[in-house]
Amino acid sequence: MTESLTASDCSTTQIHGGTQASGPVRSVRPPLHLSAAFGFDSLRDAREAFAQRESAFTYARTGSPTVALLERRIAELEGGVGAVATGSGQAAVALALLPLLARSGQTPDVVAREDVPAGHLVASHRIYGGTADLLTDLFAELGITVTWADPHDPASWSQAVTPRTRAFLVESIGNPHADLPDIPALADAAHTAGVPLIVDNTLATPHLLQPGRLGADIVVHSVTKYLTGNGTAIAGAIVDTGRFRPSDAPATWPQFTAPTPRFGGESLVDRYGEHGAYLHLVRAKYLHDLGPTLSAFNAQQALDGIETLDIRVERHCRTAEALAARLHDHPGARIVRHPSVPGSPNAAIARRDFPRGTGAVLSFEVDGDLATVERFVDSLRLFQLAANIGDSRSMVAHPASMTHCRLSPELLAAGQITPQTIRLSVGRECVEDLWADLVQAFEAAGLGSDPAEAAVTDTVTATAEATVTREVTLTSEAFARDLEEVSA
Ligand SMILES: *Cc1c(COP(=O)(O)O)cnc(C)c1O
């Protein structure tokens, strides 16, 4: 019997979503299935499963029980009809786009031809660096073309549409400046153009925003970040929110509506329905052929993390808001960008669409030259210099040298990334310790505050130092003990 538990709210779904009644062993915690292959009772069963006429796990590249549980849980959290997990967020972005944009989808008989161009994408010009690499370099090699558009100007997206446009792509909270696009307006523009709106919801998570409720058709995640929440695993997911209906424009979407040999001479819509066709193509062709599969072990890490999503994200948001407010008043930081900061151009959308907060990534401009920026970054102790977000630990990044280092001058300018731009991923440490760390780094960089504040600062700096020293001592003690055990 497989009866899905129904969830009344987000926190229940985080813990029970997608869980199905299990067999004779009634383990309370869903088991971790580490198996590359799955067996069959008969050749008949195997034949039907491999022909994809019956649904069964065959080989873990395209699905396995632990990964499937994660897919159901993320789909429920997003209010979607289904999901495909991937080995990374990067793979999720690529695999969400390829079924819509690849050459084979542009011919009536679904065969890629050299003389038929691939599709065209309209994407936000303030996009994650890895996505920019994918779109500008690898997609260009595949003949997929991109027009960059301003996420704050939905009209410019409509103007960018061509007869070959097949998707719009935007992030619900931009990185590194925490920009908030007008998702309902972009969804309207996409639907007027007859294409799906894909929203990368990594920075928001479904706790802060469910893009499907605002009109998005497809949601992608880097599960690596807040969903897993502890920096242990790389993972991604693609969710179909149930709005995309390829049969509404069958000539535009032959890959879903026309019979193809790959799927037994039937169309995917005929076989799997209006809401199963897209995800089936993602899984049975792109995940199957390219192989960026999520391991069951990493799926388990993500499932563990998701159980505490709401309380973690709440804490991340409140701490980030407190630091943004203090940075806003600090003379060493110019232009603090977070929707919670007074005068933020994103405040109206934050109020309308993000009642719970706008996440824990924020940016600011250091008031100094590159040498000052370098001294500031190198003086931080609690904020680790690393390219990740969504971890328990706070991290600092210099986008121009790190996450956004390959961006074209055009995209750097559009994204307002300068040599002075600092990105913070605010973790869940004590806000006073984090602030003390920032204050002492500003001082080390010669960007101290006024003398009255400096007196207060001295005491907090002492606390931060104490914290760091204590941590280092404990670590080296543990290390020494481990060494003893190894040599014993
Ligand atoms: C990190 C990130 C990705 C890529 O995800 P990985 O899990 O690192 O492959 C995509 N989009 C956004 C917004 C991200 O922050």
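None of the values given here were measured: they were computed from a predicted structure. Atoms within each ligand, like the ligands themselves, are counted from 1 in listed order.
Considering Thr241, Asn201, Thr205 in turn, Asn201 is the only one that fulfils the side-chain hydrogen bond (donor to acceptor under 3.5 Å, both in side chains) rule with Glu78.
Annotation for ligand 1: atoms under 4.0 Å from non-hydrogen atoms of Thr224 are 6 (P), 7 (O). Numbered from 1 in the order shown, with element, the atoms of ligand 1 that lie under 4.0 Å from a heavy atom of Gly89 read 4 (C), 5 (O), 6 (P), 7 (O), 9 (O). Ligand 1 places these atoms under 4.0 Å from at least one heavy atom of Ala235: 7 (O).
For the residue pair Thr13 / Glu76, no side-chain donor-acceptor distance below 3.5 Å is found, with atom types taken as modelled.
Counting heavy atoms from C-beta on, the side chains of Ile183 and Ser172 come closer than 4.5 Å. Here the side chains of Leu424 and Ser394 are not in contact, with every heavy-atom distance at 4.5 Å or above.
Taking only non-hydrogen atoms, the option from His221, Lys225, Gln90, Glu171 nearest to atom 14 (C) of ligand 1 is Lys225. Nearest to atom 12 (C) of ligand 1 by heavy atom, out of Asp200, Asn388, Leu203, Ile234, is Asp200.
When hydrogens are left out, the protein atom nearest atom 5 (O) of ligand 1 is Ser222 OG, 3.0 Å; that is the closest non-hydrogen contact. The protein non-hydrogen atom at the shortest distance from atom 3 (C) of ligand 1 is Tyr128 CE2, 3.4 Å.
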side-chain contact (heavy atoms from CB on, under 4.5 Å) between Ile198 and Leu100, worked out: CA-CA 11 Å; Ile198 303 176; Leu100 305 168; 3.8 Å; yes

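Taking the six-membered ring where the residue is Trp, His330 and Trp435 present perpendicular rings, their angle passing 60° and hence far from 30°.
Contacts between Ile389 and ligand 1 below 4.0 angstrom, taking non-hydrogen atoms only, involve the side chain exclusively.
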